[in-house]
Colleague: 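The structure that follows is given in the form of structure tokens.
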Amino acid sequence: MNSSGTYKIRPAGRHILTIGRDLIQDCYAAVVELVKNAYDADSLDVHIKFRAKPDRNGYSIVITDHGHGMSRDTVIHKWMVPSTRDKLDRRQSPSGRTMQGRKGVGRYAASILGTDLLLETVTLQGEKTTLLVEWNTFEAAQYLDDVEILIETDEVSETSGTRLTMTGDGELLGEWNQKQFDKLRFELKKLISPVSAAISDEANDDEFRISLEIDGFPDVLDVTETIEPYPIFDLFDYRITGRIGPDGKGTLTYSLQKARNTTEEQIRFDAGGPTGCGGLVFDFRVYDRDKEAIDSLIKRGLKGEDGNYVGKNQARQLLTVYNGIGVYRNGFRIRPHGDPGFDWIELDKKRVQNPSRKIGSDQIIGYVLIQSEELSGLVEKSARDGLKQNSAFERLKEITEKAIAKLEEKRFIYRQKAGISRPALKVEKEFERLFSFDALKRDVRSKLTRGGIDKKTADEIIAIISRDAEDKNKVADDIRQTVAIYQGQATLGKIINVILHEGRRPLSFFRNQIPRIEKLGTAVLKSRDIERIPEIISIADGVGNNADIFVKLFSRLDPLAAGKRTARKPLDLKKTIMDTLAVFEVEMKANHVLAKVNCPNDFRFSSWPQDIYAIFTNLVDNSLYWMNEKKVIRREINIEVVATGGTLLHIDFCDTGPGIEPDLIASEVIFEPQFSTKPSGTGLGLAIAGEAATRNGLELRAFESDTGAYFRLQPKRGDDE
């Protein structure tokens with residue numbers, strides 16, 4: 001039978017329950033959604049009251065606000081219409097608040113909290129509208145429009161606002177224990193950013209209070225309180241805060257509370273282009289977790305909610321429970337960003353790679369304020385479980401990571417200067433200190449002389465110390481050589497990718513031409529067709545040429561790949577530096593980087609070739625990275641060797657990149673192992689270069705420059721110079 005016609009889609013009766021119970025994440029999210037509705041109604045406050053029935057076979061939840069209320073017409077044509085565009089179209093409340101609800105589904109969160117809902121709403125003009133929703137009627141109805149709801153409207157003299165009353169049975173009551181209420185309080189405390197008034201102009205005059213009352217629940221403490229931010233928030237050790245415009249530029253302010261008489265520091269921030277996620281406001285507060293830091297945190301005034309000072313274990317527990325980087329829009333948190341354990345920036349993953357410099361997720365309480373969906377492209381999921389993983393979200397992560405990295409840099413420098421962090425082991429310096437016996441011999445001789453020991457006996461004792469020192473220094477030299485080999489191999493890892501990239505072309509030639517030469521050879525043998533021999537010779541020449549490329553590629557690695565170091569010898573310094581630059585030849589050409597070496601011809605300097613390779617490999621690698629990262633226009637590397645009469649005075653290494661921050665140069669922290677300003681850097685490059693310089697009687701220093709990075713290698717000076 002053929003038939004045709006037009007039909008309408010009719011939602012099933014349980015569609016409303018699907019919206020409420022399946023899209024809303026949990027009961028905490030449900031309460032949050034209803035609190036946001038009170039905010040959208042221009043209420044100055046919202047009161048949430050949980051009360052168990054005396055016989056404990058059920059409970060009620062009453063959420064009351066004092067906003068502008070809803071008219072009968074609004075209730076019928078907007079509140080009762082699922083997924084309405086009303087708030088999306090209006091965007092702002094009558095008092096100018098940016099609407100929190102935009103999906104038109106938040107009110108159905110009430111279906112999670114109880115078996116029915118009583119809505120009572122009064123407008124500013126005194127019109128009161130009441131309706132009762134029994135959620136099981138939707139479950140039983142075949143279609144949504146089969147459900148009929150009685151609505152009553154009267155004129156009253158009551159204060160404007162809306163009251164939602166939800167009742168639950170004994171089974172639902174059993175789900176609310178002390179742990180669940182603690183979690184609810186946690187969600188409400190983190191719902192409104194405690195820093196929004198301080199760093200968001202829009203929030204300065206926007207008062208909104210949340211109060212909570214809990215009464216009569218089994219084994220649960222009764223509570224009547226106004227929700228306040230956690231006291232730990234203001235007791236940070238380190239803080240960075242500021243505003244970044246949509247163009248990616250802004251200013252961050254770094255401050256420190258671990259020491260007295262410190263001043264705030266302004267840091268210019270540039271994301272390298274538009275943010276791609278609108279304007280951003282940051283506030284990150286970091287806490288050290290070592291014993292001394294916890295003691296200091298308590299002394300600065302950390303108290304529990306009972307008003308008493310907390311103990312060390314409780315202080316650590318507070319950090320464990322309250323940490324997280326929240327994302328806020330119009331002053332309200334977007335769950336679950338900011339929940340403990342929801343490490344959306346992947347701080348813990350980065351900390352594993354560099355624990356001395358990076359912070360973990362359990363050390364930070366942070367807030368990121370974002371703009372509307374239209375301005376930022378950051379879209380909240382309908383299920384209220386975070387932001388959609390789109391390109392705007394990826395940019396938000398990148399820029400947030402860069403802001404946190406600025407704080408990590410400052411923290412690392414402070415901890416190094418203050419001697420808080422475990423000191424980085426500088427091998428050459430420690431060897432000099434550990435195996436220098438001159439001071440010991442002077443002290444021993446002085447003691448012996450004052451003790452009346454004759455000169456001959458004293459000389460014999462000093463000779464014993466000298467022989468022991470000589471033996472130990474031989475062992476130290478062996479260890480030095482082993483460390484140098486390991487550092488050379490670490491540097492080798494930096495250029496493996498370069499070698500692999502350049503080796504792809506000859507490998508491709510071999511892969512394509514070897515089967516061809518086999519095919520031609522077989523044909524010649526069968527047919528005795530000597531006219532095809534030139535074609536074979538041409539391919540053979542190509543094999544030879546590409547094999548030569550491989551030989552040259554691997555010859556570049558020889559100085560660093562050596563398993564044993566030969567004795568130090570005079571090197572042709574210009575040739576050695578040029579050989580190092582040759583490692584990056586293809587990369588420099590592809591990125592339009594010009595390298596110049598100004599060095600006296602045939603100038604020789606006594607050193608190990610592995611160390612000269614390590615020094616310049618790490619310097620060049622850094623220059624190429626930052627010139628590409630910051631997209632500089634003029635790209636040059638200049639190396640100048642200054643010598644006189646066969647004696648090296650210094651070697652200057654300069655580039656035209658973004659340069660180095662003056663405070664990083666002054667503190668010399670850039671030469672510390674594990675310190676790096678690269679997002680995923682290991683912090684080994686300059687440390688290895690510095691160690692290699694020391695082994696060869698040189699020192700590597702950095703200087704301020706207006707044109708880029710500026711390093712100088714020079715013969716090591718005495719302590720009195």
Side-chain angles (χ1 to χ4, degrees), residues 24 28-51 60-75 78-80 84 86-88 90-110 113 117-131 153 156-166 184-185 187-194 196-197 200 202-214 223-229 328-335 372 384:
I24 304 301
Y28 317 114
V31 173
V32 166
E33 287 300 313
L34 299 177
V35 168
K36 286 181 179 180
N37 284 347
Y39 178 85
D40 289 346
D42 285 329
S43 181
L44 297 179
D45 61 358
V46 61
H47 183 73
I48 307 164
K49 182 174 183 178
F50 284 76
R51 171 172 288 178
S60 65
I61 305 173
V62 181
I63 299 179
T64 306
D65 70 52
H66 298 93
H68 49 59
M70 293 181 286
S71 66
R72 178 184 179 90
D73 183 71
T74 298
V75 170
K78 294 176 182 176
W79 193 89
M80 292 183 64
T84 177
D86 175 49
K87 291 185 179 181
L88 183 62
R90 283 194 290 146
R91 297 188 183 179
Q92 287 192 332
S93 70
S95 294
R97 285 177 172 173
T98 302
M99 291 292 191
Q100 298 297 310
R102 312 194 86 187
K103 310 292 184 183
V105 298
R107 52 193 170 276
Y108 301 113
L113 300 172
L117 166 66
L118 175 65
L119 167 69
E120 300 170 272
T121 183
V122 181
T123 66
L124 295 169
Q125 293 75 32
E127 180 185 281
K128 181 176 183 178
T129 300
T130 305
L131 64 84
T153 302
V156 297
S157 59
E158 299 175 20
T159 304
S160 67
T162 298
R163 181 165 61 241
L164 303 174
T165 303
M166 293 145 280
L184 175 63
R185 292 176 68 247
E187 292 291 341
L188 293 174
K189 281 178 176 287
K190 295 194 81 169
L191 174 60
I192 303 176
S193 168
S196 59
S200 175
E202 299 172 359
N204 283 343
D205 300 321
D206 193 4
E207 180 184 358
F208 185 67
R209 298 182 306 277
I210 302 174
S211 58
L212 175 66
E213 185 177 348
I214 302 169
V223 169
T224 300
E225 67 172 327
T226 298
I227 300 297
E228 299 286 352
Y328 288 76
R329 176 177 273 141
N330 305 314
F332 283 85
R333 183 168 75 100
I334 298 174
R335 300 173 75 241
S372 65
R384 300 300 196 269

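As the structure is a prediction and not an experimental result, all values here were calculated from the model.
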Colleague: Could you check Thr153, Leu124, Thr123 and say which one makes a side-chain contact (heavy atoms from CB on, under 4.5 Å) with Ser71?
Modeller: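 Output: one option passes, namely Thr123.
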Colleague: Measuring only between side-chain heavy atoms, which start at C-beta, is Leu212 closer than 4.5 Å to Arg185?
Modeller: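 Leu212 reaches Arg185 side chain to side chain.
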Colleague: Just by modelled atom types, is the His66 backbone N or O under 3.5 Å from a matching donor or acceptor in the Ser43 side chain?
Modeller: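 Yes: the side chain of Ser43 pairs with the backbone of His66.
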Colleague: Under a 4.5 Å cut-off applied to non-hydrogen side-chain atoms, are Leu188 and Ile48 in contact?
Modeller: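 Touching, per the 4.5 Å side-chain cut-off.
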Colleague: Can you name the closest pair of heavy atoms from Arg333 and Tyr328 and give their distance?
Modeller: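 Shortest heavy-atom contact: N-CD2, 3.2 Å.
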Colleague: For Val46, what residues pass the side-chain contact (heavy atoms from CB on, under 4.5 Å) criterion, not counting sequence neighbours?
Modeller: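 Val46: side-chain contact (heavy atoms from CB on, under 4.5 Å) contacts with Val35, Ala38, Ile63, Phe208, Ile210.
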Colleague: Does a donor on one side chain sit under 3.5 Å from an acceptor on the other, for Ser211 and His47?
Modeller: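 Distance-only check passes for Ser211 and His47.
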Colleague: So, using side-chain hydrogen bond (donor to acceptor under 3.5 Å, both in side chains) as the criterion, who are the partners of Glu127 when residues are at least two apart?
Modeller: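 Partners of Glu127 under the side-chain hydrogen bond (donor to acceptor under 3.5 Å, both in side chains) test: none.
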Colleague: Checking side-chain contact (heavy atoms from CB on, under 4.5 Å) against Thr162, which of Val122, Thr121, Thr64 comes through?
Modeller: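 Considering Val122, Thr121, Thr64, a side-chain contact (heavy atoms from CB on, under 4.5 Å) with Thr162 is found only for Thr121.
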Colleague: Measure the spacing between OG1 of Thr165 and CG of Leu117 and express it to the nearest 0.5 Å.
Modeller: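 Rounded to the nearest 0.5 Å, the OG1-CG separation comes out at 8.0 Å.
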Colleague: In Å and rounded to the nearest 0.5 Å, what is the CE to OG1 distance from Met80 to Thr74?
Modeller: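 Rounded to the nearest 0.5 Å, the CE-OG1 separation comes to 13.0 Å.
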Colleague: Quick check: closest heavy atoms across Leu184 and Phe50, and the distance to 0.1 Å?
Modeller: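 Reported closest heavy-atom pair: CD2-CE1, 3.6 Å.
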Colleague: Identify the heavy atoms of His68 and Asp40 that sit nearest to each other, and give their distance.
Modeller: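 Heavy atoms of His68 and Asp40 come nearest at NE2-O, 3.8 Å.
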Colleague: Which heavy-atom pair separates Thr129 from Met70 by the least distance, and what is that distance?
Modeller: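 Between these two residues, the closest heavy atoms are OG1-O, 4.3 Å.
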Colleague: Side chains of Leu164 and Asn37: does their closest heavy-atom pair fall under 4.5 Å?
Modeller: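 The answer is no, as the side chains (C-beta and beyond) never meet within the 4.5 Å cut-off.
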Colleague: Tell me which pairs pass salt bridge (Lys or Arg N to Asp or Glu O under 4.0 Å) where either residue lies in residues 41-51, with sequence neighbours left out.
Modeller: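 Salt bridge (Lys or Arg N to Asp or Glu O under 4.0 Å) check on residues 41-51 returns Asp45-Arg209, Lys49-Glu213, Arg51-Asp215.
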Colleague: Do any N or O atoms from the side chain of Ser160 and from the backbone of Gly67 form a donor-acceptor pair under 3.5 angstrom?
Modeller: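 Yes; at least one donor-acceptor contact below 3.5 Å.
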